[in-house]
Amino acid sequence: MEKPDLDGRTALVTGASKGIGRAVAVKLADMGARVAVNYNTSDAAAATTVDAINARGGEALAVQADVSDPTQVSEMVARVSQAWESVDILVNNAGIIDDGLLVRMSDNAWNRVMATNLNGTFYCTRAVVRGMMRNRWGRVIHIGSVVGIRGNVGQTNYSASKAAIIGFTKALAKEVATRNITVNTVTPGYINTDTVDVLQQEQKDRIMTWIPMGHFGEVEDIAHMVGHIASTKSGYLTGQVISVDGGMAI
Ligand code: NAP
């Protein structure tokens with residue numbers, strides 16, 4: 001039997017206590033990677049992700065850190081590297097929303113979203129890329145959003161944070177390409193998670209008219225694409241923004 005594709009590799013998935021991050025963590029573990037499950041506040045939910053991976057025969061470690069704090073990020077990466085030597089695959093998934101029309105948007109709502117979604121991506125990537133360069137192998141995968149491409153009323157902060165990740169992806173892909181490190185962004189559309197559950201039915205009906213496929217996606221749809229990009233067979237795929245959104249960004 002062939003060894004699992006990511007056997008011997010280590011992954012760090014931020015915001016893996018629930019939603020898309022949990023599905024990505026489980027997927028990478030199923031592909032043979034050891035997975036560090038980052039979370040900020042949800043200890044019990046992170047433990048559920050770790051248990052799910054262990055129950056399937058995988059290896060996982062819960063690592064608490066607020067990705068918007070560079071010191072906590074450095075400590076987290078040091079902890080994972082101490083346990084497993086290196087971080088070969090980074091999935092920058094942790095993200096928040098704090099919606100409001102621009103004219104009423106507070107500095108705090110703007111800064112909080114930028115700090116987690118954009119600065120968090122920067123801090124986590126910077127903390128792992130040196131090791132990837134040394135090992136001459138790496139996968140950096142960001143979770144953006146269709147909203148970073150199309151924009152959305154009430155989400156200037158969120159759209160800006162996710163659009164910035166696209167520029168970050170392309171610039172870094174060029175910087176590290178010769179070291180065998182790929183950098184890509186997956187941009188989900190509306191995916192059935194806690195974030196989408198809280199929308200009013202009226203909002204859901206309106207959003208549905210924007211989706212050619214006529215339904216929301218599942219967390220596994222995103223996990224599948226992340227697994228594809230992380231695969232050892234995807235070494236020539238870099239600098240790309242891949243929409244998994246039922247056609248919403250067309
Ligand atoms: P979710 O269910 O709300 O989960 C968010 C995760 O991020 C949680 O594990 C949370 O951990 C973590 N997190 C939040 N702030 C953090 C911080 N400062 N430091 C570390 N972890 C933090 O989110 P989701 O809907 O699965 O979304 C995941 C990603 O996909 C986000 O980047 C989101 O923007 C993007 N996305 C989602 C959709 C969608 O339809 N759901 C669509 C497009 C893009 P704690 O609970 O422990 O704080």
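Throughout, numbering of the chain's residues begins at 1 and tracks the sequence. First listed ligand is number 1; within each ligand, the first listed atom is number 1. When reading the values below, keep in mind they use all heavy atoms of this one structure, side chains included, and skip hydrogens, waters and symmetry mates.
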First-shell residues of ligand 1 [heavy atom, distance under 4.0 Å]: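 Lining ligand 1: G15, A16, S17, K18, G19, I20, N38, Y39, N40, T41, S42, A65, D66, V67, N93, A94, G95, I96, T116, I143, G144, S145, Y158, K162, P188, G189, Y190, I191, T193, T195, V196.
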
Partners meeting side chain to side chain donor-acceptor pair (under 3.5 Å) with T125 (sequence neighbours left out):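 Listed in chain order: N92.
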
Residues which pass side chain to side chain donor-acceptor pair (under 3.5 Å) with T182, listed by chain and number, not counting sequence neighbours: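 Not a single residue meets the side chain to side chain donor-acceptor pair (under 3.5 Å) criterion with T182.
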
R9 to W137, cation-pi by 6.0 Å centre distance and 45° axis angle: yes

Aromatic W210 / basic R150 pairing, under 6.0 angstrom, 45° off normal: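 Yes, a cation-pi geometry.
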
Salt bridge (Lys or Arg N to Asp or Glu O under 4.0 Å): pairs with one or both residues in residues 15-36, sequence neighbours excluded: D30-R56

CD/E85: more than 12 non-hydrogen atoms of other groups inside 6.0 Å: no

